[in-house]
Amino acid sequence: MTSAIEVADLVVHRGARPVLHGLSCTIPEGSVTGLLGPSGSGKTTLMRAIVGVQVVRSGTVTVLGRPAGDAKLRSEIGYLTQAPSVYADLTVRENARYFAALYGLGQAEADAAVRDVGLAEAASQLVGNLSGGQRSRASLACAIVSKPKVLILDEPTVGQDPVLRDELWAQFRGLAESGSTLVVSSHVMDEANRCDRLLLIREGLLIADDTPAAVKASAGTEDLDQAFLTLIRRQGTGVPAPRATGEASEVPS
Amino acid sequence: MILLHTTGRILRQLRHDRRTVAMLVAVPTLLLTLLYFMYDSQPGVFDHIALIMLGVFPFIIMFLITSIAMLRERTTGTLERLLTTPLRKTDLLFGYGLAFGVAAAVQAGFASALAYLLLDLDTQGAAGYVVMIAVANAVLGMALGLLASAFAKTEFQAVQFMPVLAVPQLLLCGLFVPRELMAGWLQAISDVLPLTYAVEALQEVGAYAEPTGTMWRDFAIVAGAVVVALVAAAGTLRRRTP
């Protein structure tokens with residue numbers, strides 16, 4: 001399987017604070033990759049670097065064979081920010097049609113995206129009058145409207161009820177099956193089980209990069225929540241990570 | 001095409017905000033009416049002041065509206081999102097220019113109609129030139145508002161850029177004290193402020209039946225200031241942020 005996204009030795013500082021410390025990973029094409037980790041661990045920063053809106057200090061991010069942020073990638077990539085970024089003073093339909101028009105697409109595609117996120121009945125309501133969950137789905141509609149080859153979704157299912165979450169994941173799976181590469185950040189472990197691969201980030205370092213089954217196996221538990229706790233504790237108590245250098249004898253507690 | 005879709009999107013946002021549209025049309029006409037009764041006993045003064053106000057209102061109002069609109073694009077994340085799409089920076093900036101230019105034309109049209117038809121405003125030149133200069137002023141206000149929004153982090157700050165960037169231009173444009181009577185250094189400052197030329201162009205329309213060379217030169221200077229402000233504003237739109 002070819003890789004859609006390659007991140008090599010990525011170092012990002014936000015303000016004076018280092019957020020990612022030399023992170024490397026490869027994301028295969030046509031897959032759904034879950035990005036997990038505590039808040040403040042660097043998930044959003046990694047996603048921003050892949051989209052190409054993050055100033056990076058060193059390292060490279062390659063998307064579909066081009067450097068992240070390349071002008072030619074702009075029609076191939078969709079990005080859902082954590083806070084809904086849609087116009088509150090436009091209706092759901094007007095938002096979707098505007099973002100569709102930016103990709104040269106028409107009203108039919110826009111209306112289909114609104115249906116796909118379950119907002120067909122709210123299509124003529126102003127986004128500002130919607131509930132938080134509906135608002136984030138309106139934002140999602142604008143990200144998937146162009147059926148991009150690479151789709152970066154920052155917590156797309158927060159605040160959605162279980163039925164909708166299930167439907168949205170079916171959508172994500174459908175997009176991956178038609179060849180799109182998805183990176184989805186989440187806090188919900190039951191969603192992590194639906195991913196092809198998982199990346200677990202903690203304090204700017206990658207502590208797991210594998211299939212959900214392999215992550216569970218390496219932690220010796222069937223429960224992903226427990227598996228992540230085990231992996232985090234294993235790292236925190238000084239078991240040298242594979243990339244550690246020769247100073248393992250002086251690992252701080 | 002993206003440019004026109006962006007213009008349409010901004011006008012649609014405006015249309016959903018009925019109160020803002022109503023105020024855009026009503027406020028200048030009410031203020032002109034107030035001026036009319038204020039100067040009731042001083043013949044000729046209303047003609048002088050109302051003419052300049054027809055150009056100044058759109059400048060100030062569009063400055064405020066655009067700086068808030070652009071600040072919203074920045075703070076709600078829509079700007080960052082737009083810059084990840086195939087949209088070019090110029091599509092966005094000229095989209096704002098066209099949309100608010102249309103809004104300004106409607107506003108100046110209503111205000112001028114009231115001033116000429118009901119308040120007996122008298123100018124030597126044609127009303128069409130007054131509307132033309134008023135629209136150019138609105139676009140100037142819009143361009144400066146786009147630029148100012150880059151230096152504001154909150155709405156409170158954005159609103160206060162109005163007294164910083166707009167009021168000095170108003171004070172020094174020759175409306176309150178004729179430019180010839182100002183101290184040399186004040187005149188020098190006045191010379192580099194674009195609103196000075198907009199006001200001079202309006203005064204030319206007031207004084208001469210046919211458009212003068214000075215009027216066209218002043219109009220071109222205002223248009224040039226718009227381009228400079230838009231280019232500077234484009235420089236503040238960063239695709240990558242820290």
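This one's a predicted model, so the numbers in the text were calculated from it and none came from an experiment. Numbered from 1 within each chain, the chains take letters A, B, ... in sequence-line order.
The contact between A:Ala143 and chain B is made by backbone and side chain atoms together, counting heavy-atom distances below 4.5 Å. Only the side chain of A:Val51 has a heavy atom closer than 4.5 Å to any heavy atom of chain B. Heavy atoms closer than 4.5 Å to chain B are found nowhere in A:Thr45, neither backbone nor side chain. Looking at A:Pro84, only its backbone comes within 4.5 Å of chain B, counting heavy atoms on both sides. Interface residue A:Arg48: only side-chain heavy atoms are found under 4.5 Å from chain B. Residue B:Arg238: no heavy atom, backbone or side chain, is found under 4.5 Å from chain A. Looking at A:Thr81, only its side chain comes within 4.5 Å of chain B, counting heavy atoms on both sides. With a threshold of 4.5 angstrom between heavy atoms, A:Leu126 approaches chain B through side-chain atoms but not through N, CA, C or O. With a 4.5 angstrom heavy-atom cutoff, B:Leu14 does not touch chain A via any of its atoms.
Side chain of A:Asp9 to main chain of A:Gly59: no donor-acceptor pair is present (N/O by atom type, distance under 3.5 Å, no hydrogens or angles). Proximity of a side-chain donor or acceptor of A:Ser178 to a complementary backbone N or O of A:Leu175 within less than 3.5 Å is detected.
Annotation: cation-pi geometry not satisfied between B:Arg12 and A:Tyr98 (NZ/CZ under 6.0 angstrom from ring centroid, within 45° of ring axis).
For the options A:Leu80, A:Val55, A:Val12, heavy-atom pairs under 4.5 Å to chain B are most numerous at A:Val55. Of the listed residues (B:Arg239, B:His5, B:Arg81), the greatest number of heavy-atom pairs within a distance under 4.5 Å of chain A belongs to B:Arg81. Of the listed residues A:Ala83, A:Gly52, A:Gly69, the one with more heavy-atom pairs under 4.5 angstrom with chain B than any other is A:Gly52. By number of non-hydrogen pairs under 4.5 angstrom with chain B, the leading residue of A:Ala71, A:Pro148, A:Cys142 is A:Cys142. Among A:Arg14, A:Arg57, A:Arg97, A:Gln54, the residue making the largest number of heavy-atom pairs under 4.5 Å with chain B is A:Gln54. Between chain A and the residues B:Asp91, B:Leu83, B:Thr84, B:Asp17, the most heavy-atom pairs under 4.5 angstrom are made by B:Thr84.
A donor-acceptor contact closer than 3.5 angstrom is absent between the side chains of A:Glu6 and A:Thr26. Using modelled atom types and a 3.5 Å distance limit, the side chains of A:Ser136 and A:Gln160 yield a donor-acceptor pair.
Enclosure of atom CZ in B:Arg72 is not indicated, since only 12 or fewer non-hydrogen atoms of other residues, nucleotides or ligands lie within 6.0 angstrom.
Between B:Arg15 and A:Glu94 there is a salt bridge, since a side-chain N of the basic residue sits under 4.0 Å from a carboxylate O of the acidic one. Ion pairing between a basic and an acidic side chain is recognised when a charged N comes within 4.0 Å of a carboxylate O; A:Lys43 and A:Asp154 show no such pairing. Salt bridge A:Arg66/A:Glu76: absent, no basic N to carboxylate O contact under 4.0 Å.
In this structure, B:Leu82 and B:Thr6 have side chains that are not in contact, with every pair of non-hydrogen atoms separated by 4.5 Å or more.
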